[in-house]
Peer 1: 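Quick one: the structure is below, and I'll ask about it shortly.
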Amino acid sequence: MQEVLCREFVYLWYYFIIQFRQIFRYWILGMAVGSAVSVFAKKKIHGIFQSLSSRKIGLLGIAAGSALGIASPLCMYGTIPVAASFSKSGIKDSWLASFMMSSILLNPQLILYSAALGKTALAVRIVSCFLCGIAAGALVHLFYKDSSFFNFNGFYVQADRDTDPSLLLRFLKNFGRNIRATGVYFLVGILLSAVFQRYVPPDFVGELFGGNGRFGIFMAATIGVPLYACGGGTIPLLQTWLYEGMSMGSAAAFMLTGPATKITNLGAVKIVLGIKKFLLYLAFVMIYAYLSGFIVDVLERV
(Lines give C-alpha, C1' and ligand atoms only; values in the text may rest on other atoms or scores of the structure.)
Protein backbone atom coordinates (compact mmCIF):
# COMPACT_ATOMS: atom_id res chain seq x y z
CA MET A 1 0.00 0.00 0.00
CA GLN A 2 2.80 2.38 0.92
CA GLU A 3 4.58 1.64 -2.36
CA VAL A 4 1.40 2.43 -4.31
CA LEU A 5 0.96 5.74 -2.51
CA CYS A 6 4.59 6.68 -3.09
CA ARG A 7 4.29 5.82 -6.77
CA GLU A 8 1.15 7.91 -7.14
CA PHE A 9 2.81 10.80 -5.35
CA VAL A 10 5.75 10.62 -7.77
CA TYR A 11 3.37 10.66 -10.75
CA LEU A 12 1.45 13.65 -9.39
CA TRP A 13 4.67 15.48 -8.57
CA TYR A 14 5.91 14.85 -12.11
CA TYR A 15 2.74 16.28 -13.68
CA PHE A 16 2.78 19.18 -11.18
CA ILE A 17 6.38 20.14 -12.01
CA ILE A 18 5.83 19.92 -15.78
CA GLN A 19 2.77 22.17 -15.55
CA PHE A 20 4.49 24.55 -13.14
CA ARG A 21 7.47 25.01 -15.48
CA GLN A 22 5.17 25.67 -18.43
CA ILE A 23 3.02 28.31 -16.74
CA PHE A 24 5.13 29.89 -13.99
CA ARG A 25 6.74 32.50 -16.27
CA TYR A 26 3.34 33.64 -17.54
CA TRP A 27 2.08 33.97 -13.95
CA ILE A 28 5.08 36.04 -12.86
CA LEU A 29 5.00 38.19 -16.00
CA GLY A 30 1.24 38.70 -15.62
CA MET A 31 1.62 39.91 -12.04
CA ALA A 32 4.51 42.20 -13.00
CA VAL A 33 2.53 43.77 -15.84
CA GLY A 34 -0.61 44.03 -13.70
CA SER A 35 1.32 45.76 -10.92
CA ALA A 36 3.01 48.10 -13.39
CA VAL A 37 -0.34 49.10 -14.89
CA SER A 38 -1.86 49.55 -11.44
CA VAL A 39 0.99 51.69 -10.16
CA PHE A 40 1.90 53.71 -13.25
CA ALA A 41 -1.10 53.73 -15.60
CA LYS A 42 -4.30 53.22 -13.59
CA LYS A 43 -5.03 56.92 -13.08
CA LYS A 44 -4.24 57.62 -16.72
CA ILE A 45 -6.67 54.94 -17.92
CA HIS A 46 -9.46 56.23 -15.69
CA GLY A 47 -8.65 59.80 -16.65
CA ILE A 48 -9.08 58.97 -20.33
CA PHE A 49 -12.52 57.48 -19.66
CA GLN A 50 -13.50 60.48 -17.53
CA SER A 51 -12.49 62.86 -20.32
CA LEU A 52 -14.77 61.07 -22.80
CA SER A 53 -17.87 62.41 -21.01
CA SER A 54 -17.27 65.84 -22.52
CA ARG A 55 -16.96 64.53 -26.07
CA LYS A 56 -19.78 63.76 -28.45
CA ILE A 57 -18.75 60.29 -29.62
CA GLY A 58 -22.14 58.60 -29.27
CA LEU A 59 -22.15 54.82 -29.25
CA LEU A 60 -18.39 54.73 -29.75
CA GLY A 61 -18.24 55.42 -26.02
CA ILE A 62 -19.48 51.87 -25.45
CA ALA A 63 -16.54 50.41 -27.37
CA ALA A 64 -14.14 52.78 -25.60
CA GLY A 65 -15.60 51.76 -22.23
CA SER A 66 -15.10 48.07 -23.01
CA ALA A 67 -11.50 48.59 -24.11
CA LEU A 68 -10.65 50.68 -21.04
CA GLY A 69 -12.36 48.14 -18.78
CA ILE A 70 -9.99 45.46 -20.07
CA ALA A 71 -7.03 47.79 -19.52
CA SER A 72 -8.09 48.59 -15.95
CA PRO A 73 -6.28 46.46 -13.33
CA LEU A 74 -8.92 46.85 -10.60
CA CYS A 75 -11.03 44.04 -9.16
CA MET A 76 -14.80 44.50 -9.27
CA TYR A 77 -14.99 45.89 -5.71
CA GLY A 78 -12.41 48.46 -6.79
CA THR A 79 -14.11 49.14 -10.12
CA ILE A 80 -17.56 49.95 -8.72
CA PRO A 81 -16.49 52.99 -6.64
CA VAL A 82 -14.60 54.28 -9.69
CA ALA A 83 -17.67 53.69 -11.84
CA ALA A 84 -19.73 55.57 -9.24
CA SER A 85 -17.46 58.58 -9.62
CA PHE A 86 -17.74 58.28 -13.41
CA SER A 87 -21.52 58.24 -13.10
CA LYS A 88 -21.47 61.43 -11.01
CA SER A 89 -19.36 63.11 -13.68
CA GLY A 90 -22.03 62.41 -16.30
CA ILE A 91 -20.80 59.29 -18.08
CA LYS A 92 -23.73 57.34 -19.52
CA ASP A 93 -24.90 54.08 -17.96
CA SER A 94 -24.37 52.27 -21.26
CA TRP A 95 -20.70 53.28 -21.26
CA LEU A 96 -20.38 52.26 -17.63
CA ALA A 97 -22.02 48.89 -18.36
CA SER A 98 -19.45 48.11 -21.06
CA PHE A 99 -16.60 49.29 -18.81
CA MET A 100 -17.72 47.21 -15.84
CA MET A 101 -18.58 44.11 -17.87
CA SER A 102 -15.21 43.87 -19.59
CA SER A 103 -13.45 44.79 -16.34
CA ILE A 104 -15.06 41.75 -14.71
CA LEU A 105 -13.95 39.45 -17.51
CA LEU A 106 -10.40 40.52 -18.24
CA ASN A 107 -7.45 42.64 -17.13
CA PRO A 108 -3.80 43.04 -18.17
CA GLN A 109 -2.71 40.40 -15.67
CA LEU A 110 -5.12 37.77 -16.96
CA ILE A 111 -4.15 38.52 -20.56
CA LEU A 112 -0.57 37.56 -19.75
CA TYR A 113 -1.72 34.44 -17.86
CA SER A 114 -3.83 33.40 -20.84
CA ALA A 115 -0.83 33.57 -23.19
CA ALA A 116 0.09 30.16 -21.73
CA LEU A 117 -2.94 28.73 -23.55
CA GLY A 118 -1.61 29.64 -26.98
CA LYS A 119 -2.25 32.42 -29.48
CA THR A 120 -5.67 31.18 -30.57
CA ALA A 121 -7.10 30.89 -27.07
CA LEU A 122 -5.60 34.25 -26.12
CA ALA A 123 -7.18 35.94 -29.16
CA VAL A 124 -10.53 34.26 -28.48
CA ARG A 125 -10.47 35.45 -24.88
CA ILE A 126 -9.61 39.06 -25.70
CA VAL A 127 -12.10 39.39 -28.57
CA SER A 128 -14.98 37.63 -26.79
CA CYS A 129 -14.51 39.72 -23.64
CA PHE A 130 -14.27 42.96 -25.61
CA LEU A 131 -17.45 42.13 -27.54
CA CYS A 132 -19.20 41.08 -24.33
CA GLY A 133 -18.59 44.54 -22.90
CA ILE A 134 -19.96 46.12 -26.07
CA ALA A 135 -23.03 43.84 -26.01
CA ALA A 136 -23.74 44.73 -22.36
CA GLY A 137 -23.44 48.45 -23.10
CA ALA A 138 -25.61 48.19 -26.21
CA LEU A 139 -28.39 46.39 -24.32
CA VAL A 140 -28.38 48.99 -21.55
CA HIS A 141 -28.52 51.73 -24.18
CA LEU A 142 -31.41 49.98 -25.94
CA PHE A 143 -33.60 49.15 -22.94
CA TYR A 144 -32.57 51.71 -20.30
CA LYS A 145 -31.93 54.76 -22.44
CA ASP A 146 -34.43 56.88 -20.52
CA SER A 147 -33.97 55.40 -17.06
CA SER A 148 -31.17 54.65 -14.64
CA PHE A 149 -29.62 51.18 -14.76
CA PHE A 150 -27.20 51.36 -11.81
CA ASN A 151 -27.60 52.41 -8.20
CA PHE A 152 -24.29 53.71 -6.87
CA ASN A 153 -25.67 55.23 -3.68
CA GLY A 154 -23.18 54.93 -0.85
CA PHE A 155 -20.16 54.16 -3.00
CA TYR A 156 -17.07 56.31 -2.99
CA VAL A 157 -13.61 56.07 -4.48
CA GLN A 158 -11.41 54.01 -2.18
CA ALA A 159 -8.11 55.31 -0.91
CA ASP A 160 -5.21 54.52 -3.23
CA ARG A 161 -2.92 51.91 -1.67
CA ASP A 162 -0.06 52.70 -4.07
CA THR A 163 1.20 55.81 -2.30
CA ASP A 164 4.80 55.05 -1.30
CA PRO A 165 7.10 57.96 -2.29
CA SER A 166 9.50 55.52 -3.94
CA LEU A 167 8.17 54.24 -7.28
CA LEU A 168 10.18 51.02 -6.92
CA LEU A 169 8.77 50.28 -3.45
CA ARG A 170 5.30 51.19 -4.69
CA PHE A 171 5.64 48.63 -7.47
CA LEU A 172 7.16 45.95 -5.21
CA LYS A 173 4.41 46.34 -2.59
CA ASN A 174 1.73 45.99 -5.29
CA PHE A 175 3.58 42.98 -6.72
CA GLY A 176 3.68 41.39 -3.26
CA ARG A 177 -0.07 41.89 -2.81
CA ASN A 178 -0.64 40.20 -6.16
CA ILE A 179 1.44 37.21 -5.10
CA ARG A 180 -0.49 36.86 -1.85
CA ALA A 181 -3.83 37.23 -3.63
CA THR A 182 -3.21 34.74 -6.45
CA GLY A 183 -0.40 32.41 -5.32
CA VAL A 184 -2.53 29.83 -3.52
CA TYR A 185 -5.07 29.67 -6.36
CA PHE A 186 -2.26 29.29 -8.89
CA LEU A 187 -0.73 26.33 -7.04
CA VAL A 188 -4.13 24.72 -6.42
CA GLY A 189 -4.94 25.08 -10.12
CA ILE A 190 -1.72 23.28 -11.06
CA LEU A 191 -2.44 20.54 -8.51
CA LEU A 192 -5.94 20.01 -9.90
CA SER A 193 -4.48 19.92 -13.40
CA ALA A 194 -2.01 17.23 -12.29
CA VAL A 195 -4.86 15.20 -10.79
CA PHE A 196 -6.84 15.50 -14.04
CA GLN A 197 -3.86 14.40 -16.11
CA ARG A 198 -3.20 11.41 -13.89
CA TYR A 199 -6.69 10.11 -13.18
CA VAL A 200 -9.12 11.45 -15.80
CA PRO A 201 -8.91 9.70 -19.20
CA PRO A 202 -8.21 12.13 -22.07
CA ASP A 203 -11.09 10.60 -24.03
CA PHE A 204 -13.50 11.67 -21.29
CA VAL A 205 -12.46 15.32 -21.53
CA GLY A 206 -12.64 15.17 -25.32
CA GLU A 207 -16.10 13.65 -25.24
CA LEU A 208 -17.41 16.03 -22.59
CA PHE A 209 -16.04 19.32 -23.94
CA GLY A 210 -15.13 18.56 -27.53
CA GLY A 211 -17.17 15.80 -29.06
CA ASN A 212 -20.62 16.79 -27.89
CA GLY A 213 -20.97 20.05 -29.82
CA ARG A 214 -23.53 22.32 -28.20
CA PHE A 215 -23.77 20.15 -25.09
CA GLY A 216 -20.01 20.46 -24.54
CA ILE A 217 -20.26 24.25 -24.71
CA PHE A 218 -23.19 24.21 -22.29
CA MET A 219 -21.25 21.97 -19.87
CA ALA A 220 -18.17 24.21 -20.03
CA ALA A 221 -20.27 27.32 -19.41
CA THR A 222 -22.00 25.61 -16.46
CA ILE A 223 -18.81 24.24 -14.91
CA GLY A 224 -17.26 27.69 -15.11
CA VAL A 225 -19.76 28.93 -12.52
CA PRO A 226 -18.69 26.87 -9.46
CA LEU A 227 -15.11 26.09 -10.48
CA TYR A 228 -13.76 29.58 -11.13
CA ALA A 229 -12.06 31.19 -8.13
CA CYS A 230 -9.09 32.97 -9.68
CA GLY A 231 -8.00 33.62 -13.26
CA GLY A 232 -4.49 32.33 -12.71
CA GLY A 233 -5.80 29.20 -11.02
CA THR A 234 -7.91 28.11 -14.00
CA ILE A 235 -5.17 28.48 -16.62
CA PRO A 236 -3.53 25.11 -15.75
CA LEU A 237 -6.92 23.38 -15.97
CA LEU A 238 -7.75 24.98 -19.31
CA GLN A 239 -4.33 24.10 -20.68
CA THR A 240 -4.86 20.46 -19.73
CA TRP A 241 -8.41 20.33 -21.07
CA LEU A 242 -7.46 21.94 -24.39
CA TYR A 243 -4.60 19.45 -24.78
CA GLU A 244 -6.95 16.56 -24.07
CA GLY A 245 -9.61 17.58 -26.59
CA MET A 246 -11.66 20.49 -25.24
CA SER A 247 -13.01 22.55 -28.14
CA MET A 248 -12.03 26.21 -28.37
CA GLY A 249 -15.72 27.14 -28.19
CA SER A 250 -16.10 25.29 -24.87
CA ALA A 251 -12.98 27.05 -23.59
CA ALA A 252 -14.44 30.40 -24.63
CA ALA A 253 -17.67 29.68 -22.75
CA PHE A 254 -15.72 28.67 -19.63
CA MET A 255 -13.53 31.79 -19.80
CA LEU A 256 -16.64 33.99 -19.94
CA THR A 257 -18.91 32.45 -17.30
CA GLY A 258 -16.07 31.83 -14.83
CA PRO A 259 -15.04 35.42 -14.02
CA ALA A 260 -18.54 36.79 -14.65
CA THR A 261 -20.01 34.53 -11.96
CA LYS A 262 -17.11 34.47 -9.52
CA ILE A 263 -18.68 34.82 -6.09
CA THR A 264 -16.85 38.05 -5.17
CA ASN A 265 -17.81 39.63 -8.49
CA LEU A 266 -21.44 38.54 -8.10
CA GLY A 267 -21.64 40.12 -4.66
CA ALA A 268 -20.39 43.45 -5.98
CA VAL A 269 -22.62 43.40 -9.08
CA LYS A 270 -25.76 42.56 -7.08
CA ILE A 271 -25.23 45.60 -4.86
CA VAL A 272 -25.45 48.07 -7.74
CA LEU A 273 -28.09 46.25 -9.81
CA GLY A 274 -30.73 44.99 -7.42
CA ILE A 275 -32.27 41.53 -7.69
CA LYS A 276 -34.25 41.97 -10.93
CA LYS A 277 -31.40 43.43 -12.98
CA PHE A 278 -29.00 41.00 -11.30
CA LEU A 279 -31.01 38.07 -12.69
CA LEU A 280 -30.96 39.75 -16.10
CA TYR A 281 -27.18 40.00 -15.76
CA LEU A 282 -26.87 36.26 -15.07
CA ALA A 283 -29.11 35.40 -18.01
CA PHE A 284 -27.10 37.68 -20.29
CA VAL A 285 -23.79 36.10 -19.22
CA MET A 286 -24.98 32.53 -19.78
CA ILE A 287 -26.62 33.27 -23.14
CA TYR A 288 -23.66 35.30 -24.39
CA ALA A 289 -21.17 32.62 -23.28
CA TYR A 290 -23.13 29.87 -25.01
CA LEU A 291 -23.53 31.83 -28.26
CA SER A 292 -19.87 32.85 -28.23
CA GLY A 293 -18.76 29.26 -27.74
CA PHE A 294 -21.03 28.09 -30.55
CA ILE A 295 -19.73 30.78 -32.95
CA VAL A 296 -16.09 30.05 -32.07
CA ASP A 297 -16.58 26.34 -32.79
CA VAL A 298 -18.31 27.12 -36.10
CA LEU A 299 -15.50 29.44 -37.16
CA GLU A 300 -12.88 26.87 -36.10
CA ARG A 301 -14.44 24.28 -38.40
CA VAL A 302 -14.58 26.63 -41.40
Side-chain angles (χ1 to χ4, degrees), residues 16-46 66-79 99-130 132-133 161-162 167-194 224 227-243 248 251-252 254-260 262 264-265:
F16 182 92
I17 289 298
I18 292 296
Q19 195 85 10
F20 183 86
R21 288 174 177 172
Q22 290 176 342
I23 298 178
F24 179 74
R25 63 183 182 274
Y26 295 103
W27 179 58
I28 288 294
L29 184 58
M31 287 191 299
V33 171
S35 293
V37 171
S38 183
V39 171
F40 304 114
K42 177 175 61 181
K43 291 182 179 179
K44 181 67 174 178
I45 292 169
H46 296 160
S66 185
L68 291 171
I70 290 173
S72 176
L74 294 176
C75 68
M76 186 43 46
Y77 274 102
T79 297
F99 175 81
M100 293 173 65
M101 186 74 249
S102 61
S103 181
I104 287 175
L105 297 175
L106 200 55
N107 55 52
Q109 216 166 294
L110 191 51
I111 290 174
L112 266 295
Y113 292 160
S114 301
L117 302 175
K119 294 179 180 178
T120 302
L122 177 61
V124 166
R125 182 161 219 169
I126 293 173
V127 172
S128 62
C129 291
F130 175 65
C132 187
R161 300 174 69 182
D162 300 312
L167 289 178
L168 178 59
L169 286 178
R170 197 183 304 175
F171 171 80
L172 291 175
K173 287 179 180 180
N174 191 288
F175 188 73
R177 289 197 297 270
N178 276 333
I179 290 178
R180 291 193 296 272
T182 65
V184 172
Y185 295 110
F186 175 71
L187 294 175
V188 169
I190 294 179
L191 179 60
L192 289 175
S193 175
L227 194 59
Y228 199 100
C230 170
T234 57
I235 297 300
L237 286 173
L238 278 169
Q239 189 180 57
T240 298
W241 291 343
L242 285 167
Y243 178 78
M248 193 57 67
F254 180 88
M255 289 187 289
L256 287 163
T257 60
K262 191 171 87 170
T264 51
N265 286 340

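Positions are given from 1 along the sequence. The structure presented is a predicted model; accordingly, all values stated were derived computationally and were not measured.
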Peer 1: Between CG of Leu256 and CE of Met101, what distance do you get to the nearest 0.5 Å?
Peer 2: 8.0 Å
Peer 1: Restricting to non-hydrogen atoms, name the atom on Asn174 and the atom on Ser35 that form the minimum distance, rounded to 0.1 Å.
Peer 2: OD1-OG, 2.9 Å
Peer 1: Of Ile45, Ile70, Val33, which is the lone residue that meets side chain to side chain contact (heavy atoms under 4.5 Å, CB included) with Pro108?
Peer 2: Val33
Peer 1: Once rounded to the nearest 0.5 Å, what's the spacing between atom CG of Leu29 and atom CD of Gln109?
Peer 2: 10.0 Å
Peer 1: Does a side-chain heavy-atom distance below 4.5 Å link Leu167 with Phe40?
Peer 2: yes
Peer 1: Give, for atom CE of Met255 and atom CD1 of Ile235, the distance between the pair rounded to the nearest 0.5 Å.
Peer 2: 7.5 Å
Peer 1: Is the number of heavy atoms from other residues, nucleotides or ligands under 6.0 Å of Tyr243 OH greater than 12?
Peer 2: no
Peer 1: Are any of the side-chain heavy atoms of Asn107 and Ser72 separated by less than 4.5 Å?
Peer 2: no
Peer 1: Once rounded to the nearest 0.5 Å, what's the spacing between atom OG1 of Thr257 and atom NZ of Lys262?
Peer 2: 13.5 Å
Peer 1: Under 3.5 Å, side chain of Ser193 to main-chain N/O of Pro236, donor-acceptor pair present?
Peer 2: yes
Peer 1: Would the distance check show the side chain of Ser66 and the main-chain N or O of Phe130 forming a donor-acceptor pair, the cut-off being under 3.5 Å?
Peer 2: yes
Peer 1: Which heavy atom of Ala260 sits nearest to which heavy atom of Ile104, and what is that distance?
Peer 2: CA-CG2, 3.7 Å
Peer 1: Leu242 versus Met248: any side-chain heavy-atom pair under 4.5 Å?
Peer 2: yes
Peer 1: Taking side chain as C-beta onward, heavy atoms only, is Phe254 less than 4.5 Å from Leu238?
Peer 2: yes
Peer 1: Heavy atoms, side chains only, cut-off 4.5 Å: are Leu187 and Phe16 in contact?
Peer 2: yes
Peer 1: Considering non-hydrogen atoms only, spot the tightest contact between Ser102 and Gly69 and give its length.
Peer 2: OG-CA, 3.4 Å
Peer 1: Angle class for the Phe186/Trp27 ring planes (parallel below 30°, perpendicular above 60°, tilted otherwise)?
Peer 2: parallel
Peer 1: Under 3.5 Å, is there a donor-acceptor pair between the side chain of Gln239 and the main chain of Ala116?
Peer 2: yes
Peer 1: To the closest 0.5 Å, what do you measure between CG (Leu105) and CD1 (Ile126)?
Peer 2: 12.5 Å
Peer 1: Within this structure, what is the CG-CG distance for the pair Leu192 and Leu237, rounded to the nearest 0.5 Å?
Peer 2: 5.5 Å
Peer 1: State, yes or no, whether a side-chain contact exists between Ile28 and Arg25 at a heavy-atom distance under 4.5 Å.
Peer 2: no
Peer 1: Under 4.5 Å between any side-chain heavy atoms of Leu117 and Leu122, yes or no?
Peer 2: no
Peer 1: Are the side chains of Gln19 and Thr240 in touch, meaning some heavy atoms are under 4.5 Å apart?
Peer 2: yes
